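So the structure is just underneath, and the comments pick up after that.
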Number of protein chains: 2
Amino acid sequence: MMSETIHIAIVEDDNEIRQTLTLIIDGSRGFSCKYAFPDGESALASVANLPVDVVLMDIDLPGKSGIEVTRQLKQECPEVDFIMLTVKSDDDSIFESLCVGASGYLLKDTSPADLLTHIKEVYEGGAPMSSQIARRIISSFRIINNPLSERETEILKMLSRGMNYKDVAEELFLSPHTVKTHIKNIYSKLHVKNRAEAIYKAIKQKLI
Amino acid sequence: MMSETIHIAIVEDDNEIRQTLTLIIDGSRGFSCKYAFPDGESALASVANLPVDVVLMDIDLPGKSGIEVTRQLKQECPEVDFIMLTVKSDDDSIFESLCVGASGYLLKDTSPADLLTHIKEVYEGGAPMSSQIARRIISSFRIINNPLSERETEILKMLSRGMNYKDVAEELFLSPHTVKTHIKNIYSKLHVKNRAEAIYKAIKQKLI
DNA sequence: GGGTCAATCGCCCATACGGGGTATTTATGG
DNA sequence: CCATAAATACCCCGTATGGGCGATTGACCC
């Protein structure tokens, strides 16, 4: 059985890391790495037109973040798999990476051997990530403390049905001022700035 | 270095499977399994008061489902880790399990040796799951489909991130007028009257 | 009994929003 | 070749929205 070559592109601003990774990958049987970009903009300009299977994407890029770049590239070429490479493993980065379509999330201290294994896993439909990172991901699913009160949840659901201050106030026998205050508190608790974002976040977190 | 014993409880309605698992686990060095329940109700009545580190929870239980039982138990004793054991690996089960607080999701054909390894992983803060299951999880973060035009979908997604006319217009190099027109068309197509309702409907219909 | 929090009500103010229009260009398809 | 759809751009206008404030009343908790 002949083994297929996996074509890889790298987006990484640190010259040394980028070159090292390129050499390691390109020098390994079954792997080819002919494309490396120092920033998101150049990757955006090229990747869609290249025969690439897997992209290794640094998160901390100058200019557009690796997450933003991944979001845009994934729209252009959804068949390409993205593995995020990063030093930081904070929940927001992980969560956002997966939301924009990344298939894996690895820390930069991953050994070269493991890296190749993980690239292969992604290529074959898996989702490589350390056990620790998997744990963080699954905790993001869980609403430990639903930050919203019952009243707030009730009102947010009404907003999602298209109701405005007045509608809600009338249905709940409240002053529109009160409704407005509740909504402002909802925004504050969800860290959003308007209805659209609030509804989106609330649904994604299964609050409504 | 002396190895600590991990205390395990099992919730599983099939007598044979339950007894087999109990014997395997309790007979292994470093593992203790003194508690086994044939249904969710009996587990709910006892687990919170037992010195248990990890619970193996069958999903298909008579009466309350293992997912529901996990949800309730996790509220009473959040420090206990739950591993779902199941024959089915459908997206909904996986997703729901993680939402209610399970730390791992394993298929029943997992070998005894692997099972012990995975219990240890959970106990040490990991989240064991097969690469395939991990992939299903992350794809649940991302879904695509479209009765709206591409441009409209694109704009709706941006709205769901809290952006306004001006923000969208700038990112897409469009006039705010154009963005507004697109949004009006979105409302018309979705038969909604504002953003909140549009976002809600679009998510429910998996348009964004 | 002081602290915290949810729920309620209020004001001011700038602007984002939604509804009503019209219009051009490009691409697609019958 | 003409109809249709999508994408683009602009106008007017009234109001809903969101931010920044403050305030009172009850629960509940330690």
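Since the structure is predicted, the reported quantities are computational estimates derived from the model, not experimental observations. Residue numbers start from 1 in every chain, and the chains themselves are labelled A, B, ... in the order their sequence lines are given, proteins ahead of strands.
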Write down the distance between [atom1] ([X]) and [atom2] ([N]), rounded to a whole number of angstrom.
X: L174(B); N: dA7(D); atom1: CG; atom2: C1'; result: 8 Å
X: E152(A); N: dT8(C); atom1: CD; atom2: C1'; result: 12 Å
X: L159(A); N: dT17(D); atom1: CG; atom2: P; result: 8 Å
X: K193(B); N: dA16(C); atom1: NZ; atom2: P; result: 23 Å
X: L172(A); N: dA6(C); atom1: CG; atom2: P; result: 18 Å
X: E150(B); N: dT28(C); atom1: CD; atom2: P; result: 12 Å
X: K166(A); N: dT17(D); atom1: NZ; atom2: P; result: 10 Å
X: L148(B); N: dA5(D); atom1: CG; atom2: C1'; result: 14 Å

Would you mind telling me which of [options] lies closest to the side-chain atoms of [X]?
X: Y187(B); options: dA7(D), dG19(D), dG19(C); result: dG19(C)
X: H177(A); options: dG19(C), dA9(D), dC11(C); result: dC11(C)
X: H182(A); options: dG19(C), dT17(D), dT8(C); result: dT8(C)
X: T178(A); options: dT8(C), dG19(C), dA6(D); result: dT8(C)
X: N164(A); options: dA9(D), dA16(D), dT8(C); result: dA16(D)
X: S175(A); options: dC9(C), dA9(D), dA7(D); result: dC9(C)
X: N194(B); options: dG18(C), dT8(D), dC10(D); result: dG18(C)

Side chain T153(A), main chain S149(A), donor-acceptor under 3.5 Å: yes
Do K180(B) and dG18(C) share a donor-acceptor pair, side chain to base, under 3.5 Å?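 Indeed there is one.
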Is it the case that dG20(D) (base atoms only) and K184(A) (side chain only) share a donor and an acceptor within less than 3.5 Å, ignoring hydrogens and angles?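 For K184(A), whose side chain was compared with the base of dG20(D), there is a donor-acceptor pair (under 3.5 Å).
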Side-chain N or O of R195(A) closer than 4.0 Å to phosphate OP1/OP2 of dA16(D): no
Does dG18(C) have its OP1 or OP2 closer than 4.0 Å to a side-chain nitrogen or oxygen of Y165(B)? yes
Between T181(A) and M163(A), name the one whose nearest nucleotide on DNA chain D is closer to the 5' end. M163(A)
Side chains of S42(A) and D39(A): any donor to acceptor distance under 3.5 Å? yes
Among residues at least two apart in sequence or on other chains, which ones pass side-chain contact (heavy atoms from CB on, under 4.5 Å) with Q19(A)?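 Q19(A) satisfies side-chain contact (heavy atoms from CB on, under 4.5 Å) with N15(A) once adjacent residues are dropped.
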For E12(A), is there an ion pair with K108(A) - N to carboxylate O distance below 4.0 angstrom?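 Looking at K108(A) and E12(A), the cut-off is met.
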Measuring from D26(B):CG to L21(B):CG, what's the distance to the nearest 0.5 Å? 12.0 Å
